[in-house]
Amino acid sequence: MTTKNLLVELFVEELPPKALQKLGGAFASVLFEQLKAQGLATADSVVTPFASPRRLAAQVTNVADRAADKAVRQKLMPVNVGLDAAGAASPALLKKLQALGADVSDPVAAVGALQRAQDGKVEALFYDSVLPGATLQEGLQKALHEAISKLPIPKVMTYQLETDCELPGWSSVQFVRPAHGLVALHGSDVVPVKALGLTAGNRTQGHRFEAKVSPVVLRDADSYGMQLRDEGAVIASFTERRAEIARQLAAAAAKVGNGAHAIDDDALLDEVTALVERPNVLVCSFEQEFLGVPQECLILTMKANQKYFPLLDAAGKLTNQFLVVSNITPEDASLVVGGNERVVRPRLADAKFFFDQDRKKTLASRVEGLGKVVYHNKLGTQGERVERVRTIAKAIAQQLGDGALVQQADQAALLAKTDLVTDMVGEFPELQGTMGRYYALNDGLSEVVADAIEDHYKPRFAGDSLPRSTVGLVVALADKLETLVGMFGIGNLPTGDRDPFALRRHALGVIRMLVEKDLLLDLGVLLAGAVPAFGDKITDASGQLADFIYDRLSGSLREQGFSAQEVDAVLAQRPQRLALVEKQLAAVRAFAALPESPALAAANKRVANILKKAEAEGPVDPHVNPELLQEQAEQDLYAALQRFVPEANAQFEAGDFTASLQTLAVLRAPVDAFFDDVMVNAEQMDLRLNRQGLLKSLHLAMNRVADLSRLAV
């Protein structure tokens with residue numbers, strides 16, 4: 001058995017650029033895992049993926065030409081079934097052995113070669129054999145089939161392939177793009193596997209226009225990347241090609257000078273890497289007059305439509321130059337530069353036209369047009385939605401500020417969606433909010449209202465910034481609450497990985513704003529207050545929506561490093577001020593470190609169970625009659641509650657949750673003594689109710705910060 005490096009390449013027509021990196025990684029990883037599973041790749045083997053616009057490839061080191069033989073023990077049947085009383089083989093056993101390929105010409109010898117061993121309660125017969133290791137051709141054929149079948153193909157193409165039999169005809173093949181070549185090299189030896197109607201060889205194609213030779217004849221598996229670069233003018237590695245583009249972008253920007261730098265966009269860089277085989281970055285420019293258009297419009301049209309990299313100056317302002325990643329490297333690049341400049345000019349002219357036309361109408365004049373835009377068939381138009389957002393925003397503003405805040409929030413909520421009916425946002429939906437701000441400033445509105453119009457969509461994604469002002473926070477909260485309350489109210493909930501209205505993102509946005517801005521707003525009041533804005537269009541699903549939000553909060557807190565037990569203890573109390581939750585969690589963590597914590601948590605669990613049974617017959621009154629306290633242990637517990645609970649409550653009201661819990665930790669001894677010496681469910685009804693009331697008082701006092709019973713092991 002010898003080991004050499006293995007190379008496999010599929011040469012195809014242009015692959016979908018946004019999926020290329022994922023396709024390349026999946027092809028290499030599945031191929032590698034299959035080779036390992038068959039014993040052809042060793043523990044020291046390493047896989048290197050390659051992916052370019054016209055190829056998927058993988059190189060695997062230390063691949064054997066044949067897997068090692070494998071000893072296999074197979075259970076046949078119980079001894080009492082396989083052998084008769086004299087120990088001779090039964091017909092069933094002989095038939096089984098024959099099916100396995102064993103020599104049964106001498107039944108006595110065949111039985112003698114079997115092994116006996118206990119299998120549960122019975123003794124069974126086992127057959128030992130050696131399974132020949134797979135040859136590389138067999139194993140690679142299987143691995144290649146698996147790698148192709150498991151590719152995360154966004155959309156399959158069906159194409160016709162001419163058959164190679166004597167009779168003319170065609171066969172259908174399905175793959176992401178038509179395949180034209182297959183390479184499989186073990187060292188320098190071709191492995192004649194087949195896939196997609198192709199038989200593997202050692203030839204591939206280089207760059208369409210700049211390859212030095214065609215085809216590129218590969219010497220061995222190790223020379224793949226080097227030969228494609230030198231002879232085929234192709235950088236086959238996605239990672240290397242991406243790094244080369246980034247290097248050239250930085251170098252080209254540095255030549256422009258004045259602190260110029262290409263816009264930072266990983267998704268654009270990935271997509272461009274998937275579009276070129278041999279990158280060549282060129283500097284282009286457009287007319288200065290276009291810089292009068294908001295730079296977000298110009299940047300978006302250059303990135304989205306043309307895959308260009310806009311150049312920003314040292315202050316982050318757009319310049320009239322941009323970078324193009326070309327797939328060719330001519331001696332005179334002027335034609336390539338000129339061609340790209342001619343292509344981008346109409347795009348920028350369109351953006352300027354839209355901007356000029358949109359500014360001829362005020363945002364206020366566009367409000368009526370929102371009544372013609374359907375939002376949801378059960379929730380009405382965007383115009384109706386705007387009125388609901390205004391109602392919710394005014395209610396929130398009244399809780400947070402004065403009449404000025406209410407007026408500004410109402411104005412921003414009224415105009416927040418009007419840019420949806422502008423030409424610019426119609427062409428570039430990604431600019432909603434952004435263009436609303438520009439048009440608001442053009443209309444002479446205050447900067448705080450203009451900022452709120454843009455910011456009411458924030459946070460748009462994880463890690464996005466929050467609204468800049470209180471007005472923006474109010475409108476952003478109102479907008480997200482309108483979506484959440486409305487969708488839950490009509491039963492339109494996210495399921496599995498489907499969340500078309502981004503309700504999870506909206507819930508996390510509400511949480512972030514309430515927490516990070518420390519807003520004096522109760523979650524329950526917010527949800528209940530938003531429901532009346534819908535009239536009879538929805539049912540009140542505030543409880544279900546609150547569960548949804550707490551579930552999102554729970555996941556976020558666990559990601560921040562809090563344990564599931566800590567989070568469960570705090571959120572079990574359904575805290576209304578979400579901004580205080582992290583302080584409560586810190587208090588719980590500090591309490592859990594106290595020596596009294598385990599006993600008090602266990603006692604709380606016991607108290608909760610007692611009260612649950614008692615409350616099945618009716619609510620338990622926390623009032624305690626001191627004259628009915630007969631046992632010393634219950635008197636001591638009552639005295640401890642009278643002494644320490646007021647102090648703990650004062651600390652709780654002051655927001656010092658850690659001190660509040662630590663103050664109550666002194667209750668451990670009287671609580672332990674109570675459960676040791678006092679019968680709660682006394683036969684005398686007045687004693688029983690009084691003791692239940694004492695436990696209710698204890699439970700209410702101990703669990704203001706968190707449900708401590710959730711900390712019990």
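Computed from a prediction, not measured in an experiment: that's the story for all the values here. No hydrogens, no waters, no symmetry mates; every other heavy atom, side chains included, goes into these values.
- The main-chain N or O of Ala221 is found under 3.5 Å from a side-chain atom of Gln59 such that the two form a donor-acceptor pair.
- Atoms OG and CG, on Ser188 and Asn202 in that order, are 9.5 Å from each other to the nearest 0.5 Å.
- Counting only residues at least two apart or in different chains, salt bridge (charged side-chain N to carboxylate O under 4.0 Å, His left out) contacts with residues 78-90 are absent.
- Legend: residues meeting side chain to side chain donor-acceptor pair (under 3.5 Å) with Ser52, ordered by chain and number and at least two apart, are Arg55.
- Between the side chain of Arg512 and the backbone N or O of Asp464, at least one donor-acceptor pair lies under 3.5 Å.
- Judged by distance alone, with hydrogens and angles left aside, the side-chain atoms of Gln248 form a donor-acceptor pair with the main-chain N or O of Val281 at under 3.5 Å.
- Residue pairs satisfying the salt bridge (charged side-chain N to carboxylate O under 4.0 Å, His left out) criterion with at least one member in residues 132-155, sequence neighbours excluded, are listed as follows: Glu146-Lys150.
- Between Leu182 and Leu10, some side-chain heavy-atom pair lies under the 4.5 Å cut-off.
- Of the possible polar contacts, none joining the Asn62 side chain to the Thr3 backbone as a donor-acceptor pair under 3.5 Å is found.
- Looking at heavy atoms from C-beta onward, Ile245 lies in side-chain contact with Leu269 at the 4.5 angstrom threshold.
- Side chain of Arg177 to backbone of Leu15: no donor-acceptor contact under 3.5 angstrom is found.
- Of the listed residues (Phe238, Phe11, Tyr224), just one forms a ring-ring contact (aromatic ring centres under 6.0 Å, His included) with Phe50, and that residue is Tyr224.
- Counting heavy atoms from C-beta on, the side chains of Ile328 and His207 come closer than 4.5 Å.
- Not counting sequence neighbours, the partners of Arg242 by the salt bridge (Lys or Arg N to Asp or Glu O under 4.0 Å) test are Asp266, Asp270.
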Steps toward side chain to side chain contact (heavy atoms under 4.5 Å, CB included) verdict (Val122, Val79): CA-CA 8 Å; Val122 300; Val79 170; over 6 Å; no
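- A salt bridge links Arg247 and Glu244; the closest N-O separation between the charged side-chain nitrogens and carboxylate oxygens is under 4.0 Å.
- Using a 4.5 Å heavy-atom cutoff, the side chains of Gln544 and Leu493 are in contact.
- Counting all heavy atoms, side chain and backbone alike, Leu585 lies closest to Glu566 at CD2-O, 3.4 Å.
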Chi angles and distances behind the side chain to side chain contact (heavy atoms under 4.5 Å, CB included) call for Glu582, Gln560: CA-CA 10 Å; Glu582 289 192 26; Gln560 294 174 44; 3.2 Å; yes
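- Note on residues 212-222: pairs passing salt bridge (charged side-chain N to carboxylate O under 4.0 Å, His left out), not counting sequence neighbours, are Arg219-Glu231.
- Once rounded to the nearest 0.5 Å, the distance linking CZ of Arg116 with CG of Leu83 reads 5.5 Å.
- Crowding of Arg203 atom CZ: a count of heavy atoms from other residues, nucleotides or ligands under 6.0 Å not exceeding 12.
- Considering only heavy atoms from C-beta on, Phe175 comes within 4.5 Å of Leu151 through its side chain.
- In this structure, His186 contributes its side chain and Val191 its backbone to no donor-acceptor pair below 3.5 Å.
- Minimum heavy-atom separation, Ala51 to Leu56: CB-CD2, 4.3 Å.
- Side-chain atoms of Gln205 and Val234, non-hydrogen and from C-beta on, never get closer than 4.5 Å to each other.
- Between Val12 and Val176, every side-chain heavy-atom pair lies at or beyond the 4.5 Å cut-off.
- Of the possible polar contacts, one joining the Asn327 side chain to the Glu277 backbone as a donor-acceptor pair under 3.5 Å is found.
- Between the side chain of Gln34 and the main chain of Leu144, no donor-acceptor pair closer than 3.5 Å is present.
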Ser326 and Asn280: CA distance, side-chain angles, deciding distance, side chain to side chain donor-acceptor pair (under 3.5 Å) verdict: CA-CA 5 Å; Ser326 174; Asn280 177 33; 4.9 Å; no
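- Evaluation of the salt bridge (Lys or Arg N to Asp or Glu O under 4.0 Å) rule for Lys4 yields Asp189 as partners, not counting sequence neighbours.
- At least one donor-acceptor pair under 3.5 Å links the side chain of Arg241 to the backbone N or O of Thr273.
- The shortest heavy-atom contact between Pro330 and Val336 is CG-CG2, 3.9 Å.
- Looking only at atom types and distance, the side chain of Asp103 has a donor-acceptor partner in the side chain of Ser105 under 3.5 Å away.
- Evaluation of the ring pair (Phe, Tyr, Trp, His ring centres under 6.0 Å) rule for Phe548 yields Phe488 as partners, not counting sequence neighbours.
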Pairs of donor and acceptor atoms involving the side chains of residues 85-101, under 3.5 Å and at least two apart or interchain, shall be tabulated with distances.
unit_1, atom_1, unit_2, atom_2, d
Ser90, OG, Val81, O, 3.0
Ser90, OG, Gly82, O, 3.2
Ser90, OG, Leu93, N, 3.3

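- Remark: His180 NE2 to Leu196 CG distance equals 11.0 Å, nearest 0.5 Å.
- Heavy atoms only, all atoms of each residue included: Gln160 and Ser172 are closest at NE2-OG, 3.0 Å.
- Within a 6.0 Å sphere centred on CZ of Phe126, other residues, nucleotides and ligands contribute more than 12 heavy atoms.
- For Arg460, there are no salt bridge (Lys or Arg N to Asp or Glu O under 4.0 Å) partners two or more places apart in sequence or in a different chain.
- Atoms NZ and CZ, on Lys303 and Phe309 in that order, are 9.5 Å from each other to the nearest 0.5 Å.
- Atom CZ of Arg229 sits about 4.5 Å away from atom CD1 of Ile235, to the nearest 0.5 Å.
- With sequence neighbours excluded, the residues that form a side chain to side chain donor-acceptor pair (under 3.5 Å) with Glu271 are Lys307.
- Looking at residues two or more places apart in sequence or on another chain, you find no ring pair (Phe, Tyr, Trp, His ring centres under 6.0 Å) involving Phe27.
- Residues Ile511 and Arg552 come closest through the heavy atom pair CD1-CB, 3.9 Å.
- Here the shortest heavy-atom pairing between Ala200 and Val190 reads O-CG1, 3.6 Å.
- Here Asp707 pairs with Arg710 under the salt bridge (Lys or Arg N to Asp or Glu O under 4.0 Å) rule; sequence neighbours left out.
- Gln38 places a side-chain N or O within donor-acceptor distance of the main-chain N or O of Gly139, the cut-off being under 3.5 Å.
- Separating the CG atom in Leu6 from the CG atom in Leu136 is a distance of 6.0 Å, to the nearest 0.5 Å.
- Between Arg54 and Arg208 the shortest side-chain heavy-atom distance falls below 4.5 Å.
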Intermediate values then yes/no, side chain to side chain contact (heavy atoms under 4.5 Å, CB included), Leu553 and Leu571: CA-CA 9 Å; Leu553 176 59; Leu571 296 190; 3.8 Å; yes
